[in-house]
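Hydrogens, waters and symmetry mates are skipped; everything else that's a heavy atom, side chains included, is used. Lettering of chains follows the sequences in order, A, B, ..., and the numbering in each one begins at 1.
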There are 2 protein chains.
Amino acid sequence: MSDAKPQTRIQAKNRAAILAAGLDAFSQFGFRGTTLDQIAEAAGLSKPNLLYYFRSKDAIYTALLERLLDTWLDPMRAMDDAGDPVEEIITYARRKLEMSRDFPRESRLFATEILQGAPHIADHLSGDLRALVDAKAVVIRGWIAAGKIAPVDPHHLIFSIWSLTQHYADFDVQVRAVLGKDDWFEDADAHLDTLLRARLRP
Amino acid sequence: MSDAKPQTRIQAKNRAAILAAGLDAFSQFGFRGTTLDQIAEAAGLSKPNLLYYFRSKDAIYTALLERLLDTWLDPMRAMDDAGDPVEEIITYARRKLEMSRDFPRESRLFATEILQGAPHIADHLSGDLRALVDAKAVVIRGWIAAGKIAPVDPHHLIFSIWSLTQHYADFDVQVRAVLGKDDWFEDADAHLDTLLRARLRP
DNA sequence: CGTCCGTTTGACCATTTGGTCAAATCAAGA
DNA sequence: TCTTGATTTGACCAAATGGTCAAACGGACG
């Protein structure tokens, strides 16, 4: 999976600058709403120069999505089948919430892609993602059968964790407007903890 | 708030067709990602004809958002201070879930607007919306003080209900891909019911 | 029938946008 | 220093896009 392409120092730097600028733009305006000039200016390059590093607008977007998907599921993969069930699930939720805090642009990029029908990653959803979720669903069912957590639909439990955590990144503007303050992490974390604990307690 | 403008039968019909087509397009592609030609064709009108009814692309989008905001908060307003606390909250969640099922395009339109920083409705968020949420927060705190429901942060409880329910409309593609089936309503409804009930039980 | 006003359209326009290309510039090794 | 390949750019292009406008059309009513 590692790129075999050799990269000069300057290439690495410029490609990184382009991806950073692209993440900023795409996560805020969506694919169609973002222009190459916008990205080029933010990256400090001319448009033709930008296209020297990525063959098209779509290539930038795709590269970002691939980089994102590569790490997006790490918290779920990190769930330990052998750990304490309630703690494993709650830790998973906390890690997802931390990602909303630390990588809101990535979360929004993912959200806009899904909202638009996931045209670039439909395969990923019904492939890798579904396989991983199904695998974790088996683990969760095992925990239920063992009486370690209360009976719960594993898929919808996972959806709950996704929605509860990503909401704080994706709807950040709304959250801050309603809360009247900017830092939601501590309160959200405590809230999620009690919510999940109440539901999972066997 | 009622428009004083008289409308002929044909005007009402065409304006409705345009709004319907606009909702389809904007909810899927966002504001910048949608073209007038797209809307015009879907509405069965020529582009100049479309602009005879709405002075600009922005006017269509704004009209849709206004219509949406007008009804979006109805379920929350319908929460009855005098009703049974747990049932009121669960009924609110169910109504929101029904909206995800029955008005997914509206939900996605709202989601794209918020994702992009709510440029058109920032005032609404920190005005009407915040006021309503704060009012309901007072009610919920009253319920807690009376021992009718378990202690909970009212704002984050409301965020939870928003995120849990809207997720099924906004991330519909992902939900269906992971579930491997198209109808999620019944299972989601049951899941939400037990989740909230477990958390709210005093 | 003829008029009037609401409706519709073809032609047109300026700007934006994704993308190309040949030429110029630069940087490092021989 | 000279060469070579990587890097950068100005000029350019075709298509798409939001929007305009004068002219044509159509139906209801006197």
Side-chain angles (χ1 to χ4, degrees), chain A residues 3-66 109 112-113 116 119-120, chain B residues 3-66 109 112-113 116 119-120:
Chain A
D3 272 8
K5 286 180 190 168
Q7 284 208 0
T8 65
R9 234 166 291 121
I10 199 166
Q11 257 178 36
K13 194 192 96 198
N14 282 342
R15 291 181 77 93
I18 291 168
L19 289 177
L23 178 59
D24 260 343
F26 286 131
S27 67
Q28 190 172 356
F29 305 111
F31 181 74
R32 305 259 325 252
T34 298
T35 72
L36 283 179
D37 296 278
Q38 222 176 102
I39 299 176
E41 194 192 334
L45 300 172
S46 66
K47 187 166 60 172
N49 199 183
L50 187 159
L51 287 163
Y52 170 74
Y53 291 100
F54 289 88
R55 78 163 64 81
S56 68
K57 181 182 174 184
D58 205 89
I60 304 174
Y61 186 77
T62 301
L64 280 169
L65 268 187
E66 275 173 15
L109 179 69
T112 61
E113 169 69 11
Q116 300 188 2
H120 294 77
Chain B
D3 273 7
K5 286 181 190 169
Q7 285 208 359
T8 66
R9 234 165 288 120
I10 198 165
Q11 258 179 34
K13 194 191 96 197
N14 282 342
R15 291 180 78 94
I18 292 168
L19 289 177
L23 178 59
D24 260 342
F26 285 130
S27 67
Q28 191 172 357
F29 305 111
F31 180 75
R32 305 258 325 253
T34 297
T35 71
L36 283 179
D37 296 278
Q38 223 176 102
I39 299 176
E41 193 191 333
L45 299 172
S46 67
K47 187 167 59 173
N49 199 183
L50 188 160
L51 287 163
Y52 171 74
Y53 290 101
F54 289 87
R55 80 163 62 83
S56 69
K57 182 183 174 182
D58 205 89
I60 303 174
Y61 186 78
T62 301
L64 280 169
L65 268 188
E66 276 174 13
L109 179 68
T112 61
E113 169 69 12
Q116 301 188 2
H120 294 77

Peer 1: Apply side-chain hydrogen bond (donor to acceptor under 3.5 Å, both in side chains) to B:Asp58 and list each qualifying residue two or more places apart in sequence or on a separate chain.
Peer 2: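 Expected list: B:Thr62, B:His120.
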Peer 1: Considering just the side-chain nitrogens and oxygens of B:Tyr53, establish if one lies under 4.0 Å of OP1 or OP2 belonging to C:dT8.
Peer 2: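 Yes, such a contact exists.
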Peer 1: Nearest to the A:Asn49 side chain among D:dG19, D:dT9, C:dG6, which nucleotide is it?
Peer 2: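 Of D:dG19, D:dT9, C:dG6, D:dT9 is nearest to the side chain of A:Asn49.
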Peer 1: Would you give a per-nucleotide map of nucleotides 20-30 of chain D, 5' to 3', where B means the base has a protein non-hydrogen atom under 4.0 Å away, S means only the sugar-phosphate does, and - means neither?
Peer 2: BB---------
Peer 1: Show me the side-chain donor-acceptor pairs of residues 21-34 of chain A shorter than 3.5 Å, one per line, residues at least two apart or across chains.
Peer 2:
residue : atom : partner  : partner atom : Å
A:Asp24 : OD1  : A:Arg105 : NH1          : 2.9
A:Ser27 : OG   : A:Leu23  : O            : 2.7
A:Ser27 : OG   : A:Asp24  : O            : 3.2
A:Arg32 : NH1  : B:Gly33  : O            : 3.0
A:Arg32 : NH2  : B:Gly33  : O            : 3.4
A:Thr34 : OG1  : A:Ala25  : O            : 3.3
A:Thr34 : OG1  : A:Gly30  : O            : 2.8

Peer 1: From the options C:dT7, D:dT7, D:dT9, select the nucleotide whose nearest atom is closest to the side chain of A:Gln11.
Peer 2: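 Between C:dT7, D:dT7, D:dT9, the one nearest the side chain of A:Gln11 would be D:dT7.
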Peer 1: Between D:dG18, D:dT8, C:dG18, which nucleotide gets closest to the side-chain atoms of B:Lys57?
Peer 2: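 The closest nucleotide is D:dG18.
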Peer 1: Identify each donor-acceptor pair in which a side-chain atom of residues 39-54 of chain A lies under 3.5 Å from a protein atom, sequence neighbours left out, and give them as a table.
Peer 2:
residue : atom : partner : partner atom : Å
A:Ser46 : OG   : A:Asn49 : N            : 3.3
A:Tyr53 : OH   : A:Asn14 : ND2          : 2.9

Peer 1: Does C:dT9 have its OP1 or OP2 closer than 4.0 Å to a side-chain nitrogen or oxygen of B:Ser46?
Peer 2: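 For B:Ser46, the contact criterion (side-chain N or O under 4.0 Å from OP1 or OP2 of C:dT9) is met.
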Peer 1: For DNA chain C, which residues of residues 22-34 of chain B approach it to below 4.0 angstrom with any heavy atom?
Peer 2: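 Contacts with DNA chain C under 4.0 Å: B:Arg32.
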Peer 1: How bent is the helix from C:dC1-D:dG30 to C:dA30-D:dT1, comparing axes over its five end pairs at each side, to the nearest 10°?
Peer 2: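 Inter-axis angle at the termini of the helix from C:dC1-D:dG30 to C:dA30-D:dT1: 10°.
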Peer 1: Would you say B:Tyr52 reaches C:dT7's phosphate, i.e. side-chain N/O to OP1/OP2 under 4.0 Å?
Peer 2: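 Looking at the OP1 and OP2 atoms of C:dT7, one of them is under 4.0 Å from a side-chain N or O of B:Tyr52.
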